[in-house]
Amino acid sequence: MSGAVTAASDCRSVRALHRVTLKDRKAIGSAYHVLTFESAEPIVASAGQFAMVRSETWGSAPLLPRPMSLLSAGKDPSILIKVVGEGTRRMAASAPGEPYQLLAPLGKSWSKIPAATRPVFVAGGVGVAPLLLLAEELASAGGPKPLVLYGGRTAHDLPLLDQLRAVSDVRIATEDGSAGTKGRVTVLLSAALDEVGVHNQLAKVYTCGPHAMMAAVAAMCEGRVPCEVSVETPMGCGYGVCLGCPVPKVSGGFLYACTEGPCLDATVIDWGHRKAGA
Amino acid sequence: MSGAVTAASDCRSVRALHRVTLKDRKAIGSAYHVLTFESAEPIVASAGQFAMVRSETWGSAPLLPRPMSLLSAGKDPSILIKVVGEGTRRMAASAPGEPYQLLAPLGKSWSKIPAATRPVFVAGGVGVAPLLLLAEELASAGGPKPLVLYGGRTAHDLPLLDQLRAVSDVRIATEDGSAGTKGRVTVLLSAALDEVGVHNQLAKVYTCGPHAMMAAVAAMCEGRVPCEVSVETPMGCGYGVCLGCPVPKVSGGFLYACTEGPCLDATVIDWGHRKAGA
Amino acid sequence: MSVDLAVDVGSLRLKNPVLTASGTFGYALEYDDFFDVSVLGGICTKGLSILPRAGNNPDRIAETSAGMLNAIGLANVGVEAFCTEKLPNLRARGVTVIANIFATTVPDFVALAERLDREEGVAAVELNVSCPNVDKGGIEFGVDPVAAGRVTAAVRKATKLPVWVKMSPEAGDLKGVGIACQEAGADALTAINTIRGLSIDVRTWRPRIFNKTGGLSGPAIKPIALRMVWELSRAVKIPVIGIGGIATAEDAIEMMLAGATAVQVGTASFVDPLASKKVLDGLGAYCAERNIAARDLIGRFIQT
Amino acid sequence: MSVDLAVDVGSLRLKNPVLTASGTFGYALEYDDFFDVSVLGGICTKGLSILPRAGNNPDRIAETSAGMLNAIGLANVGVEAFCTEKLPNLRARGVTVIANIFATTVPDFVALAERLDREEGVAAVELNVSCPNVDKGGIEFGVDPVAAGRVTAAVRKATKLPVWVKMSPEAGDLKGVGIACQEAGADALTAINTIRGLSIDVRTWRPRIFNKTGGLSGPAIKPIALRMVWELSRAVKIPVIGIGGIATAEDAIEMMLAGATAVQVGTASFVDPLASKKVLDGLGAYCAERNIAARDLIGRFIQT
Ligand SMILES: Cc1cc2nc3c(=O)[nH]c(=O)nc-3n(C[C@H](O)[C@H](O)[C@H](O)COP(=O)(O)OP(=O)(O)OC[C@H]3O[C@@H](n4cnc5c(N)ncnc54)[C@H](O)[C@@H]3O)c2cc1C
Ligand SMILES: Cc1cc2nc3c(=O)[nH]c(=O)nc-3n(C[C@H](O)[C@H](O)[C@H](O)COP(=O)(O)OP(=O)(O)OC[C@H]3O[C@@H](n4cnc5c(N)ncnc54)[C@H](O)[C@@H]3O)c2cc1C
Ligand SMILES: Cc1cc2nc3c(=O)[nH]c(=O)nc-3n(C[C@H](O)[C@H](O)[C@H](O)COP(=O)(O)O)c2cc1C
Ligand SMILES: Cc1cc2nc3c(=O)[nH]c(=O)nc-3n(C[C@H](O)[C@H](O)[C@H](O)COP(=O)(O)O)c2cc1C
Ligand code: FES
Ligand code: FES
């Protein structure tokens, strides 16, 4: 609740409730969709920031808006969703013209990449969204080209791969071997960390994906290279008033994902903490 | 609850939950819409019967299906709705392809028109739906052409007027005088009852519309001509299990609108009973 | 389905744990067009009183967010008409019938139980000591451990049938009421009845239902029902049957994990007359997929 | 707007009846990007304790049908940090601040009230004797008339500020608790706090929130809250402030018709940070259209 340790930058623009319209929905495979909205006022945001997303058609159920990383900002903000429950199911069924509200931009973005450092991104599933935007930001700012390690269960769980390839060096791992290396993405990370070690490079890891993946990535980085994660927790409000999004700290107490995160230094987080329902 | 006095016929076909798709929605004026569905199995129904209508997209709110008179049956059943609250608002916003459930056919239809009798219909707003279907049934069976007295607040509150004209003799009244006679539809009824009296004809009145209109019509008919009404009450289930749709009887106790109605002999009903919320 | 769905509610074996809730399923004969209700674990009748009751004036129902209010006022055909006109048909169909009964005095509860005891085809009686929608009686029994125990003991003595007691969510001491009923000889507790609510029309400033307050049911109350079933089932040794907002198989499973031995589907039947059958089918599929029996779910909520 | 929206909560005049509910509006400073919160009738702070509290382990919230469960565990900055870091900013913005306070003993409630009594810019204290989400204290006071009266009387003596007491919907004798607080000197009652509920994940068989049970809030509970506010307001002479599921101006109007002198917007602020302002604007429009003052709505529900 107080000014806590975060790795995130302080880039900030005014948060607002944007009434937008769904312009386009593109299905990717069976479970993923990119939703692109039309916003009267541009949303000014940096990679890693998110929006609380809700369709005006929901009425009183589903009740709460859903936190979604921004895949792009501006006048046509977009998100990448994976269908996991009622809210995402409805988003995946919505048609152009549907009125939505986006409360954005929210949260802390990824921190700046330190000079002369090789950025290594580790993405799992929809976790690719804030990392693709970061890679695009780097590309347009003439920054270093990141190495992206991208994992999924199958070749169908690697949404936006082509866009990612346009702005980064991508290596792939799938659990069933249907694309890239067979196995988990952490296998790729192990090799990548060895490489940078061999070349005596500075590196920094940015990761977003399933909790277990991020915990494994954080463990592998610990003591070797800095690692920043974008955490996912249930959220009530997205702007710091419900206190529903705590992330346990190693030092005790909590950080709040919506205001102090979602992008956080991995070493600050108590990864051993059991999640309810998990 | 027991076999009560009803004027309605016993025409009965098997009730079932039909999973249908919205085929077409036509807006009429600002508040009226005709929704036409596509049903794999035909719905066999008679004029006056209704369906409990619910979109599969509603989730848990709105919760209950909404009772709607069938405007037509068969493989492309349709309804005429007026937007008055959340459920009808959503129906009015739904797009072709939306999955719906129709529990139909429900309730008792209009009773048969006795031989050598002039049918006089009194319709108000969406009350026209079950009367238009009845007029169409009469036309295709070569029955007598009904006289339809159709009232609304303005010329915009007379949906389906053209279809009605194709199968009946229509006289119109609007409260603001923007079409037909200026005033309430009961003015037309008074004149019509006088006419049949002059010609020594037998007549029978069928009416559907706002509660106050039907009460006035019933009062005018009392002691002069038989009158049948199609009542509107809130409904929980539509098929006789919740007991949420009582209609007070003159003789005490209640009739249940969904199974013993909605088409009922007007003289059976205690019209003086105050409705809650009214 | 080869999966074992049977559960034991005390001495009463049900072929599966999916029942329908009193007042939301009529007398079950209304479902002939829709499905064979004998596939269900059982059905609870509309609340029966000694004399027929016409019920409250309209309007009796109003919708709220993910729920509905009702004040039907226990309209029913009376126990006599039930026994002569409804029960023989239910018996012929092989339906497991739980007779829900309602009275305003202990002797009347006893009389109802005695009358039903004489009939074949009644599997249990369920005492509605928790109806919020009648002027007299009902809920007073259900919110007071002493009164609840008294009516239970009296009915227990009057019948050989299993006695279920339906809990009021408005009891300040729910566990105390449950324990009192258990000690008085109840075979099972059913929970919960509706929760009193109010809705006012802001155009007319009048209540949306004639009775002013009505009982809230439907998905809105599910979390509350689930919590009460969990608390109750840990406080008593007799089975608890879970009711409140169950609309899907997942809801029923959640209720059983919380401690329910069986469940009752209520308001969901208004939304879809086949709801109870769908809950049953879904429960079967869930158990089959995990290769467990339905009874393996009861109270298996992991609390550590 | 020329319409008169002012209401009197005892001796405290509020410029309008729309407040925000404790725990759903942070310390109000979080809204600077969204709107000027000083337009509201007032804001209730997150529950303040003597020492800062970190709160419960995650997960703390879960969604249910038209509602949510929360078990935050009263995470807060502590009364001292509130007075030094938050209050001066609120004062500068001209916000009417109601300090919601929480303790597990009567002396701690008294200490909190005394501390706040020394500050300028606190309009009232609201005693949270009804929090369902902490291991110790909270709700025990709120469900027992004697205990509720005792803590109210003690706080009453310790401060010149108006004392509001927040009612628990789980009190078996809600009216009794309200009357006890009134007799102990409470200036107003606020009702209701959340209702305890449970939600279980049917994939993992674990509770959806770490604390197992959580408090249910949101539109799902509105009819229950409305009924309780109606009953309470008829049982006591002091003002009742209505809370529970208010999301629109119509909801606020319904609550006032039922007997509330003012309302608090809670969970709706999560759905839309501007919800409270929209409720206020809508209330103004409603009163303007009918040419009535807001206070003309209080308890005007037609019951005949
Ligand atoms: C900062 C942030 C950014 C996110 N970005 C994306 C994104 O870009 N794309 C995307 O598809 N998802 C993203 N998520 C996760 C997304 O918010 C959840 O998947 C969504 O809220 C689930 O809603 P639902 O109604 O479909 O599922 P529900 O029915 O609410 O829940 C279904 C399952 O998802 C779990 N769940 C619910 N809420 C969350 C949550 N907030 N985080 C993690 N798990 C949850 C539940 O425990 C449950 O197991 C992000 C979450 C956060 C906090
Ligand atoms: C047998 C029958 C046939 C009907 N046929 C038609 C039809 O063909 N076309 C049509 O537009 N409407 C018809 N109605 C009325 C229709 O059911 C209601 O207008 C509808 O349920 C309102 O739903 P809502 O969610 O839009 O409004 P809600 O938000 O539920 O309510 C809005 C207003 O409508 C009133 N209302 C709610 N339910 C009913 C009801 N069942 N009857 C009357 N008033 C109600 C409420 O008191 C409230 O004032 C019929 C009703 C019955 C009983
Ligand atoms: C319209 C209606 C009528 C009811 N009538 C009775 C009744 O006669 N006896 C009874 O014990 N419970 C009655 N109940 C309560 C239900 O049996 C059940 O306990 C409650 O509705 C909660 O379950 P649900 O949320 O699944 O509907 C009634 C409920 C409704 C909605
Ligand atoms: C996340 C959350 C936190 C809450 N924290 C408090 C609190 O600290 N003190 C308190 O008295 N009530 C607290 N409440 C209860 C609310 O003030 C309010 O009484 C309740 O949510 C019902 O109103 P609603 O349905 O409008 O949300 C909290 C509610 C929520 C949802
Ligand atoms: S989501 Fe509400 S405080 Fe973070
Ligand atoms: S609507 Fe349920 S009995 Fe008529």
Side-chain angles (χ1 to χ4, degrees), chain B residues 1-3 12-17 19 52 54 56 58-67 84-87 101-106 211 231-249 251-259 269-270 273-278, chain C residues 20 23-34 46 52-68 70-78 81 85 199-201 203-212 217-220 222 245 247 267-274:
Chain B
M1 233 152 327
S2 51
R12 176 177 155 84
S13 61
V14 175
R15 303 170 302 176
L17 189 79
R19 300 199 172 275
M52 292 296 279
R54 190 173 194 279
E56 309 263 7
W58 289 1
S60 62
L63 181 62
L64 300 168
R66 304 303 199 240
V84 299
E86 181 65 9
Q101 59 174 57
L102 300 188
L103 186 71
L106 299 171
H211 185 88
V231 294
E232 286 196 5
T233 69
M235 287 188 176
C237 67
Y239 60 94
V241 300
C242 75
L243 307 184
C245 60
V247 179
K249 285 193 289 188
S251 58
F254 305 100
L255 291 168
Y256 287 93
C258 71
T259 48
I269 298 170
D270 176 2
H273 199 92
R274 189 181 62 71
K275 280 169 69 81
Chain C
T20 57
T24 66
F25 211 68
Y27 305 100
L29 300 167
E30 294 85 346
Y31 289 79
D32 279 355
D33 283 356
F34 303 127
K46 176 69 195 164
R53 290 174 60 104
N56 291 337
N57 283 332
D59 289 349
R60 292 184 181 173
I61 57 174
E63 183 160 327
T64 64
S65 290
M68 66 178 279
N70 90 78
I72 305 301
L74 288 166
N76 79 96
V77 296
E85 292 166 25
S199 179
I200 300 172
D201 187 325
R203 287 176 305 116
T204 62
W205 297 14
R206 289 186 181 277
R208 285 195 179 272
I209 50 185
F210 186 87
N211 194 49
K212 293 190 229 29
S217 65
K222 197 187 74 172
T267 299
S269 290
F270 304 161
V271 180
D272 176 354
L274 296 158

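Chain letters run A, B, ... following the sequence lines, proteins first and then strands; every chain starts at 1.
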Of the backbone (N, CA, C, O) and the side chain (C-beta and beyond), which part of C/Asn57 lies under 4.5 Å from a heavy atom of chain B, both, or neither? both
Part of B/Pro65 within contact of chain C (heavy atom distance under 4.5 Å): side chain
Who wins among B/Val247, B/Val241, B/Thr259 for the most heavy-atom pairs under 4.5 Å with chain C? B/Val241
So which atom in B/Tyr239 and which in C/Phe270 form the shortest heavy-atom distance, rounded to 0.1 Å? OH-N, 4.3 Å
Is B/Leu64 close to chain C through its backbone or its side chain, or both, or neither, when contacts mean heavy atoms under 4.5 Å? both
Heavy atoms only, distances under 4.5 angstrom: which of B/Ala61, B/Ser60, B/Cys245 has the most pairs with chain C? Name it, please. B/Ser60
Side-chain contact test, heavy atoms from C-beta onward, threshold under 4.5 Å: evaluate it for C/Ser269 versus B/Cys237 and give yes or no. no
Closest non-hydrogen contact found for C/Pro273 with B/Leu17 is CD-CD1, 4.3 Å
Atom of B/Leu63, atom of C/Val271 and distance for their closest heavy-atom approach: O-CG2, 3.5 Å
If one checks every heavy atom of B/Met52 against chain C at 4.5 Å, the contacting part turns out to be neither
Kindly compute the distance separating CG (C/Asp272) from CZ (B/Arg19), expressed to the nearest 0.5 Å. 6.0 Å
Please classify the contact between C/Ser199 and chain B as side chain, backbone, both or neither, with a heavy-atom cut-off of under 4.5 Å. neither
Please report the C-alpha distance between C/Glu63 and B/Arg66 in whole Å, then the side-chain angles of each, then the deciding distance to 0.1 Å, and finally whether the salt bridge (Lys or Arg N to Asp or Glu O under 4.0 Å) criterion is met. CA-CA 11 Å; C/Glu63 183 160 327; B/Arg66 304 303 199 240; 2.7 Å; yes
Mind checking the CE-SG spacing from C/Met68 to B/Cys242? Nearest 0.5 Å is all I need. 6.0 Å
N/O donor-acceptor pair under 3.5 Å between C/Arg60 side chain and B/Leu243 backbone: yes
